Amino acid sequence: MSLLDEIKSIKSGKIELRKFGITLGIVFGLLGGLFFWREKPYYSYLFILAAFFLFFGLVLPVLLKPIHKGWMTLALVLGSIMTRIILSILFYLVITPLGLISKLSGKDFLDLKFDKSASSYWVPRKKIAFEKSDYEKQF
């Protein structure tokens with residue numbers, strides 16, 4: 001699913017908009033309370049935002065639709081970018097050095113060396129007696 005398809009499929013029903021408004025109202029209210037406690041002069045703006053989102057979240061959640069769409073679009077775009085960054089960092093800082101070290105040490109985890117004298121590459125499995133409990137816990 002592409003990013004544009006995900007953005008188009010953002011759910012903006014009444015329930016989602018109500019949850020969005022109430023959640024932002026609570027978050028802005030908590031931030032306003034924190035700034036009030038720390039005696040910051042701009043706490044009142046956060047309380048106004050909290051009241052705005054709580055009011056529209058409870059009474060008229062449909063009016064929050066453009067804000068919700070923008071917020072969720074921003075979240076999807078940031079999530080897409082951060083996923084690629086985190087996976088790139090993981091690959092180049094963890095997987096690549098492990099591969100280079102194993103290559104330099106001569107370790108072949110998948111046993112990929114070609115052996116002309118081998119009649120088969122099948123590795124026979126050891127015969128063990130199975131019990132009933134082995135079938136209950138397969139993994």
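Quick caveat: nothing in here was measured; it's all calculated off a predicted structure.
- Here the options are Leu74, Ile10, Ile7, the test is side-chain contact (heavy atoms from CB on, under 4.5 Å), and the partner is Lys69; only Ile10 passes.
- Every residue two or more places apart in sequence or in another chain that forms a side chain to side chain donor-acceptor pair (under 3.5 Å) with Asp115 is listed here: Ser117.
- Nearest heavy-atom pair across Gly106 and Lys113 is O-NZ, 4.3 Å.
- Considering all non-hydrogen atoms of both residues, Ala50 and Gly25 come closest at CB-O, 3.3 Å.
- In this structure, Leu63 CG and Phe55 CZ are separated by 9.0 Å, a value rounded to the nearest 0.5 Å.
- Hydrophobic clustering (ILVMFWY, side-chain heavy atoms < 4.5 Å, transitive): Val62 and Ile22 are in distinct clusters.
- Note on Val59 and Phe52: same hydrophobic cluster, where clusters join Ile, Leu, Val, Met, Phe, Trp and Tyr whose side-chain heavy atoms are under 4.5 Å apart, directly or indirectly.
- How far NZ of Lys11 is from CG of Leu17: 13.0 Å, rounded to the nearest 0.5 Å.
- Here the CG-CD1 distance, from Leu46 to Ile48, works out to 9.5 Å after rounding to the nearest 0.5 Å.
- The backbone N or O of Gly13 sits less than 3.5 Å from a side-chain atom of Glu16, completing a donor-acceptor pair.
- Under the 4.5 Å side-chain contact rule for hydrophobic residues, Trp71 and Leu76 share a cluster.
- To the nearest 0.5 Å, the span separating CG on Leu34 from CG on Leu30 amounts to 9.0 Å.
- Hydrophobic cluster membership of Tyr135, counting Ile, Leu, Val, Met, Phe, Trp and Tyr whose side-chain heavy atoms lie under 4.5 Å apart directly or via other members: Ile128, Phe130.
- Of all non-hydrogen atoms in Gly32 and Tyr43, the two that sit nearest each other are O-CB, 3.6 Å.
- The aromatic rings of Phe36 and Phe47 sit tilted relative to each other, their planes meeting at an angle between 30° and 60°.
- Side-chain N or O atoms of Ser80 include none that pairs as donor or acceptor with a backbone N or O of Val77 at under 3.5 Å.
- Both Tyr45 and Phe56 are assigned to one and the same hydrophobic cluster, defined by single-linkage of ILVMFWY side chains at heavy-atom distances under 4.5 Å.
- Ring geometry for Phe28 against Phe53 counts as parallel: the plane angle stays under 30°, on a 0 to 90° scale with 60° as the upper cut.
- Other members of a hydrophobic cluster containing Val123 are absent, since no ILVMFWY side chain comes under 4.5 Å of it, directly or through relayed contacts.
- Interatomic distance, CZ of Phe109 versus CG of Leu98, reported as 7.5 Å (0.5 Å rounding).
- Shown here is Tyr92, whose OH atom has no more than 12 heavy atoms of other residues, nucleotides or ligands within 6.0 Å.
- Here the CD1 atom belonging to Ile81 is positioned 12.0 Å from the CD1 atom belonging to Ile86, to the nearest 0.5 angstrom.
- Side-chain contact check for Ser88 and Arg84: no donor-acceptor pair (N or O, by modelled atom type) lies under 3.5 Å.
- Residues Leu93 and Leu87 do not share a hydrophobic cluster, defined by chaining ILVMFWY side chains whose heavy atoms lie under 4.5 Å apart.
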